[in-house]
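Each remark here refers to the structure printed beneath this line.
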Amino acid sequence: MSHASGIPAVTAVPVARTSKYPPWAFYGVLFGVVSAASILLWGPIGVSGTYPRFIGALMRAFDPSYAEANPYLVRMGSLLKPETWLVVGLLIGGFIGARANREKTPKLEMVHPGEASPANRYRNAFIGGFLIILGARIAGGCTSGHIISGITQLSISGFIFAIGTFATGIISAKMLHARRAAGV
Amino acid sequence: MSASIYALLVGVAMGFFIQRVRASSPAMIASNLRLENLSVIKFMALTIAVGMVVVYALSLLMPQAMHFDIKPTYVIGVLLGGLVFGVGFGVGGYCPGTCVVGAGEGRKDAFFAILGGVVGALAFTLVYTTLIAPIVPLASYGKITLADVVHLPTMVVALVVGVIFLVVIRALPTEVKKAK
């Protein structure tokens with residue numbers, strides 16, 4: 001049900017009223033210009049590195065000797081980086097976007113048919129969050145760093161990461177959807 | 001200092017765009033990954049196509065000013081990381097940035113995704129030396145771009161790839177009609 005009711009709303013979202021283009025096209029062009037401007041002004045956008053830098057900040061507070069001995073935390077450095085401010089900006093941008101939207105953002109949307117209760121959704125969100133950061137750190141970047149910034153800069157690593165991500169992303173999303181038909 | 005301010009402003013714009021195209025909705029991400037609705041995939045592809053042409057045009061005008069940062073290509077690790085990432089993307093419906101945008105919107109499950117990400121970063125930090133560091137040198141080619149591989153000027157490659165992306169975006173439907 002959530003999918004059936006969610007999809008028509010996509011085209012009905014009253015964004016960019018002055019534009020005859022769909023939101024994805026209008027904001028896609030804007031985001032392209034912004035991501036290029038970012039490389040001109042300070043560097044390519046990237047989000048996932050902030051997570052281990054946050055772990056590094058916690059470790060330095062609670063177990064400084066471990067933080068100094070862990071080569072990865074040393075390499076990632078402190079949170080005093082522009083990327084941290086980018087992540088703060090995402091939080092603000094999401095807040096502003098939701099307030100500017102006439103349509104109310106749902107506090108909770110079920111994603112897969114197997115999610116019978118909010119607890120199921122929270123569990124899947126947690127598992128998903130765990131795997132995306134684990135995977136992103138293995139690869140050295142995520143959707144923003146590897147796919148958006150990476151392919152924008154024509155980096156080979158960005159193309160490889162995108163192929164891996166969409167391969168298992170498509171398979172896992174389709175499998176979780178098919179569980180309804182199987183009665184699981 | 002000014003870099004931090006630019007990064008904050010870019011983050012606000014990025015978060016706003018992501019929210020407006022509903023890329024911060026995990027249900028929307030799942031319908032894109034099921035290939036039922038391609039709007040977010042088209043949004044990303046268009047961002048990349050426009051970005052590559054603009055950024056390499058800017059680099060022709062002011063090469064000294066650019067802050068390019070090409071990530072190294074270590075084929076096994078990047079592919080493995082992408083495969084793990086994709087499972088998380090499919091199950092959770094969030095990526096590391098969109099869950100922060102979702103939290104800004106007030107989505108409850110976004111906070112669980114961020115918490116999962118923090119635990120994932122901790123797990124990664126703990127296994128880095130034993131499991132990750134050994135695979136990084138495998139099939140490693142350094143910071144290479146498509147322009148290095150095909151031996152053409154970056155602006156030419158950016159235009160060709162950008163146009164290919166635009167043609168594919170135009171050719172694909174946004175809402176895919178189910179056969180059944």
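A note on names: the letters A, B, ... follow the listed sequences, proteins ahead of strands, and every chain is numbered from 1.
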Would you mind checking which part of [X] comes under 4.5 Å of any heavy atom in chain A, side chain (CB onward), backbone (N, CA, C, O), both or neither?
X: B:Val118; answer: both
X: B:Ile114; answer: both
X: B:Tyr141; answer: neither
X: B:Cys95; answer: both
X: B:Tyr56; answer: side chain
X: B:Val40; answer: neither
X: B:Thr98; answer: neither
X: B:Tyr128; answer: side chain

At their closest point, which heavy atom of [X] faces which heavy atom of [Y], and how far apart are they?
X: A:Leu41; Y: B:His67; answer: O-CE1, 3.5 Å
X: A:Ala173; Y: B:Leu33; answer: CB-CB, 3.6 Å
X: A:Trp42; Y: B:Ala3; answer: CB-CB, 3.8 Å
X: B:Ile48; Y: A:Thr152; answer: CA-OG1, 3.7 Å

Would you say [X]'s side chain and [Y]'s backbone share a donor-acceptor pair under 3.5 angstrom?
X: A:Arg121; Y: B:Gly92; value: yes
X: A:Ser157; Y: B:Thr73; value: no
X: B:Lys71; Y: A:Gly140; value: yes

query = Can the ring centroids of A:Tyr51 and B:Phe124 be said to lie less than 6.0 angstrom from one another?
reply =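 Between B:Phe124 and A:Tyr51, which both carry aromatic rings, the centre distance is not below 6.0 Å.
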
request  = Identify which part of A:Met76 has an atom lying under 4.5 Å from any heavy atom of chain B, answering side chain, backbone, both or neither.
outcome  =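 Contact with chain B is absent: no heavy atom of A:Met76 under 4.5 Å.
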
key: Interface residue of largest heavy-atom contact number with chain A, from B:Gln19, B:Lys143, B:Met44, B:Lys108, under 4.5 Å   =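 Of the options given, most contacts go to B:Gln19.
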
key: Sequence-distant partners of B:Phe43, ring-ring contact (aromatic ring centres under 6.0 Å, His included), two or more places apart   =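 With sequence neighbours excluded, B:Phe43 shows a ring-ring contact (aromatic ring centres under 6.0 Å, His included) to A:Phe31, given in chain and number order.
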
